[in-house]
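Here the structure is laid out as C-alpha cells; the discussion comes afterwards.
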Protein chains: 2
Amino acid sequence: MKDLSNRAKRLRDAGYKLTNARLTVLDVLEHHSGHMTSSEILEAVATIDPNVGRASVFRTLDLLTRLAIIRPTYIDGSMTPNYVLLPDGHHHHIVCIRCNRVIEFDDCGLSALEHQLEKTYDVVISGHLLEFYALCVACQDSAQ
Amino acid sequence: MKDLSNRAKRLRDAGYKLTNARLTVLDVLEHHSGHMTSSEILEAVATIDPNVGRASVFRTLDLLTRLAIIRPTYIDGSMTPNYVLLPDGHHHHIVCIRCNRVIEFDDCGLSALEHQLEKTYDVVISGHLLEFYALCVACQDSAQ
DNA sequence: TTAGATGCAAATAGTTTGCATTTGT
DNA sequence: ACAAATGCAAACTATTTGCATCTAA
C-alpha cells in the first residue's frame with residue numbers, strides 16, 4: 001500500500017474509495033508542476049498503468065474538480081481544458097494573451113475579501129482561482 | 001449601419017473587420033447577463049440570423065477571448081465552457097461546488113495587486129477573472 | 001480592389017455512456 | 001458481502017478545417 005498524499009486522504013474522507021485509477025491520476029498531477037491538459041494526463045496515466053481506462057481518468061478529473069482539488073481552466077485558446085492543482089485551495093497565474101505563456105505567483109491577499117464574501121452571501125468558501133490576462137515582456141516588444 | 005458598442009470598437013481598433021457574424025455574436029453576448037455556453041450562443045445567433053455559420057461563431061469566440069473581451073470558464077462540470085463578458089476587463093463570481101449556482105459580485109480590490117504584479121513580472125495586465133468555490137446557503141443545509 | 005472573413009459540410013478530437021466485471025472497505 | 005468503481009468500446013457532441021465565395025474597408 002502506497003503512503004497517502006493529503007489529497008488522497010481528502011478523497012477518502014469524503015467517502016470515495018481509493019482505487020488504483022484515482023490514485024494514479026492524483027499521482028500524475030502531483031508529480032507535474034503547473035498545468036496539464038486532459039490529453040497529457042491520459043498519456044501520463046497510460047505510461048504508468050496502461051490498464052487504467054480513459055473513462056476513469058475523466059471520471060476522476062470530474063471528481064477532483066467537484067472536491068476543489070483541481071480546477072479546469074482555459075489557457076491556450078484550444079477547447080481542451082488545462083487542469084491545475086489548487087494547493088491549499090487556491091491558485092493564481094498570469095496568462096499572456098499573445099503567446100499563452102503562464103506565470104504562476106503565490107501571493108494574492110484575498111483572505112479579507114474571502115471573509116467579506118462569506119458574510120455577505122452566506123457561503124462557505126473552499127478555494128479560488130485568480131487569472132490575470134496580460135502581455136508578457138517578450139510580447140510587448142514584438143509590436144502587434 | 002448599427003451604432004457600435006464599445007466592444008465592437010475595440011474589435012475594429014484592433015484591426016478586425018466588423019462583419020455581420022462578429023457583430024451578431026457580440027450582440028447576443030451583450031444582451032444576456034451572466035454566463036452562456038457555446039450551445040446557447042449558437043442557438044441565440046441562429047435565431048437572430050440563421051445565415052451565420054457555426055464555424056464563424058467559434059472563430060468569433062476565439063477572437064473575443066484573445067482580445068480579453070470574453071473569457072471561457074468551467075461552471076457546471078460539463079466539458080462545454082461558459083463564456084462571460086469581462087466588463088472593464090474583469091469578472092468575479094462565486095460558484096457553488098455542489099449545485100453550481102453562480103453568484104456574481106463586483107468588488108475585488110485587486111488593483112494594488114495588479115500594479116505590483118506588473119512591476120514584478122514586467123507585464124502589462126489587461127484583465128482578470130476571479131472565481132471562488134463555495135457551498136451556497138441551500139447546499140450547506142442539505143447535508144452531504 | 002483585395003486581404004480578410006465567411007458559410008458549408010466533412011473530418012477530428014474530446015468526452016460520456018451502458019454494462020458486465022472487478023475491487024476497496 | 002456488496003455498493004461503488006472500473007475498463008471497454010461504442011455513441012455522442014463539440015470544435016476545427018479546407019476551400020470556394022463573399023464583403024468590409
Side-chain angles (χ1 to χ4, degrees), chain A residues 1-4 8-27 35-46 48-67 70 72-83 144, chain B residues 1-4 8-27 35-46 48-67 70 72-83 144:
Chain A
M1 181 201 299
K2 317 179 181 185
D3 50 350
L4 299 181
K9 286 178 189 151
R10 280 169 69 189
L11 264 188
R12 187 189 53 193
D13 294 348
Y16 296 97
K17 291 184 181 171
L18 296 182
T19 63
N20 179 52
R22 287 173 178 162
L23 291 174
T24 304
V25 171
L26 256 187
D27 193 52
H35 309 75
M36 297 187 85
T37 61
S38 43
S39 316
E40 287 167 345
I41 296 169
L42 285 169
E43 194 180 344
V45 166
I48 296 177
D49 183 346
N51 294 323
V52 173
R54 206 188 283 298
S56 293
V57 172
F58 281 107
R59 287 186 280 234
T60 301
L61 291 175
D62 281 357
L63 177 59
L64 295 176
T65 301
R66 271 185 285 115
L67 293 176
I70 60 173
T73 181
Y74 283 94
I75 298 267
D76 55 12
S78 79
M79 103 186 189
T80 309
N82 287 69
Y83 291 88
Q144 148 73 243
Chain B
M1 182 201 305
K2 318 178 180 182
D3 50 350
L4 300 181
K9 286 178 190 150
R10 279 169 70 190
L11 264 189
R12 187 188 54 192
D13 294 348
Y16 295 97
K17 292 183 182 173
L18 296 181
T19 63
N20 180 52
R22 287 172 178 165
L23 292 174
T24 305
V25 171
L26 257 186
D27 194 52
H35 309 76
M36 298 187 85
T37 62
S38 43
S39 315
E40 287 168 344
I41 296 170
L42 285 168
E43 194 180 346
V45 165
I48 296 178
D49 183 347
N51 294 324
V52 173
R54 205 188 286 296
S56 293
V57 172
F58 281 106
R59 285 187 280 235
T60 301
L61 292 175
D62 281 357
L63 178 58
L64 295 176
T65 301
R66 270 186 286 117
L67 293 176
I70 60 174
T73 182
Y74 284 93
I75 298 267
D76 54 14
S78 81
M79 104 186 188
T80 309
N82 288 67
Y83 291 89
Q144 149 82 247

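Every chain is numbered from 1, with letters handed out A, B, ... down the list of sequences. Worth saying up front: this structure is predicted, and the values here are computed from it rather than measured.
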What pairs with A/Thr60 under side-chain hydrogen bond (donor to acceptor under 3.5 Å, both in side chains), at least two apart in sequence or on another chain? none
Between [options], which nucleotide has the shortest distance from any of its atoms to the side chain of [X]?
X	options	answer
B/Val52	C/dT17, D/dT6, C/dG7	C/dG7
A/Ala21	D/dA14, D/dT6, C/dG7	D/dT6
A/Asp62	C/dT16, D/dT6, C/dG14	C/dT16
B/Lys17	D/dA14, D/dA5, C/dG4	C/dG4

Over all atoms of both residues, closest heavy-atom pair of B/Leu23 and B/Ala8: CD2-CB, 3.9 Å
Answer with yes or no whether B/Arg59 presents, from its side chain, a donor or acceptor under 3.5 Å of a partner atom in the base of C/dG7. yes
Below 4.0 Å: OP1/OP2 of [N] and any side-chain N or O of [X]:
X	N	answer
B/Ser39	D/dT13	no
B/Thr19	D/dT23	no
A/Arg54	C/dT15	no

Expected output: side-chain B/Arg12 to main-chain B/Leu18 donor-acceptor under 3.5 Å: no
Can you tell me the distance, in whole Å, between the OH atom of A/Tyr74 and the P atom of D/dA14? 12 Å
If you pin B/Thr80 and B/Arg12 to their nearest nucleotides in DNA chain D, which one's is more 5'? B/Thr80
